[in-house]
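Have a look at the structure below, then the notes.
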Protein chains: 2
Amino acid sequence: MAKRLTQKPCDSTPVQLHADPTAESFAKLAWAIAHPARVQIVRLLIGREACICGEIVDCLPLAQSTVSQHLKILKESGLIQGEVDGPKVCYCINHEKLDQLKALVADL
Amino acid sequence: MAKRLTQKPCDSTPVQLHADPTAESFAKLAWAIAHPARVQIVRLLIGREACICGEIVDCLPLAQSTVSQHLKILKESGLIQGEVDGPKVCYCINHEKLDQLKALVADL
DNA sequence: ATCGCCTATCGTGAATGGACGATAAAGGAA
DNA sequence: TTCCTTTATCGTCCATTCACGATAGGCGAT
């Protein structure tokens, strides 16, 4: 790359689009819901404001370990939270993060 | 899977969350912007309402072929459109698709 | 027709994602 | 304690992504 030096780059600003931290966090958040199973999980948790646990597994045509993996990804993204309740774990939506995602997309 | 038959599944609806076509298209659209480079490209195209061409390459710290790949992904998602203009190609945002994405996220 | 520029595509390699079964860890109940 | 249930993690396999250089095709200019 870097060969077209005879003309101005984008707009009037030099270049400086490299490694945009905003784009990175945006992409991460978007990636968290960039899978049908994760979209369904998020919607499920939104649908019932209250938290639920491994019934999520019963709602998806996936193995328990696979669902657990998706839940981990969603948890790491911050979109959902898990809280241990005895031997079970209740998950619920993190509305702050969800609103943040909504704002990021809306402000596109 | 399918072992917990002694208790009701999620909510009162049987199960039927399998292969939700809505979730699939949502996930596809989200995946299209689930990469920092693609977020930057989309923002760039939104910033300048008009279309631009391979200057995008100069705005990203990526090889031309890599950028072309990302553009292809975005084009296939419908979020952007490319129109040939002589030896160059001008890309622009597909506002309909973008609005669709916004609506999908807002209605979460 | 030939040259040079712009872009898409091909081929490759490294890394990651997604799915599964098996297993481990934690807690409640008998 | 000993089970049983619930969930997370491990290891593995296959598919896909992402990045690159090289190459091919299109088009305008010379």
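Residue numbers begin at 1 in each chain, while the letters A, B, ... track the order of the sequences.
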- When the distance from CG of A:Asp85 to P of C:dG28 is rounded to whole Å, what number comes out? 9 Å

- Query: Rounded to the nearest Å, what distance is computed from the CD atom of residue A:Glu83 to the P atom of nucleotide C:dG27?
  - Reply: 14 Å

- Considering only D:dT7, C:dA8, D:dC20, which nucleotide approaches the side chain of B:Leu62 most closely? D:dC20

- Item | Min side-chain heavy-atom separation B:Ile93-B:Val42 under 4.5 Å | yes

- N/O (side chain, A:His70) to phosphate O (OP1/OP2, C:dA19) under 4.0 Å: yes

- Indicate yes or no for a side-chain donor-acceptor contact from A:Arg38 to the backbone of A:Trp31 under 3.5 Å, with no hydrogens or angles considered. yes

- Separation of atom CD in A:Glu76 from atom C1' in D:dA8, rounded to whole Å: 12 Å

- Query: Closest to the A:Ser65 side chain: D:dT9, D:dC18, C:dG18?
  - Reply: D:dT9

- Query: Whole-Å distance between C:dA19 P and A:Arg38 CZ?
  - Reply: 8 Å

- Item | Nucleotide D:dT16, atom C1' - distance to CD1 of B:Ile73 in whole Å | 10 Å

- Item | Side chain of A:Pro87 (C-beta onward), nearest among C:dG27, C:dT9, D:dA19 | C:dG27

- Item | Flag side-chain contact, heavy atom, 4.5 Å: B:Val89 against B:Leu71 | no

- Message: Do A:Ile52 and A:Tyr91 have side chains that approach each other closer than 4.5 Å (heavy atoms only, starting at C-beta)?
- Response: no

- Task: Give a yes or no answer on whether the side chain of A:Asn94 reaches the backbone of A:Gly78 with a donor-acceptor pair at less than 3.5 Å.
- Result: yes

- Round to a whole Å and report the spacing from CG of A:Leu74 to P of D:dT7. 16 Å

- Between C:dG18, C:dA8, D:dA8, which nucleotide has the shortest distance from any of its atoms to the side chain of A:Trp31? C:dG18

- Rounded to whole angstrom units, what separation is found between the NZ atom of B:Lys72 and the P atom of D:dT17? 11 Å

- B:Lys88, nearest nucleotide to its side chain (from C:dA8, C:dC6, D:dT7): C:dC6

- Query: Can you check whether B:Tyr91 has a side-chain N or O nearer than 4.0 Å to OP1 or OP2 of C:dC6?
  - Reply: no

- Message: Can you measure A:Gln69 atom CD to D:dA8 atom P for me and round it to whole angstrom units?
- Response: 12 Å

- Message: Under 4.0 Å from OP1 or OP2 of C:dA19: is there any side-chain N or O of A:His35 that close?
- Response: yes

- Heavy-atom donor-acceptor pair, B:Gln64 side-chain to C:dA8 base, under 3.5 Å: yes

- Does B:Thr66 place a side-chain N or O at less than 4.0 Å from the phosphate oxygens OP1/OP2 of D:dA19? no

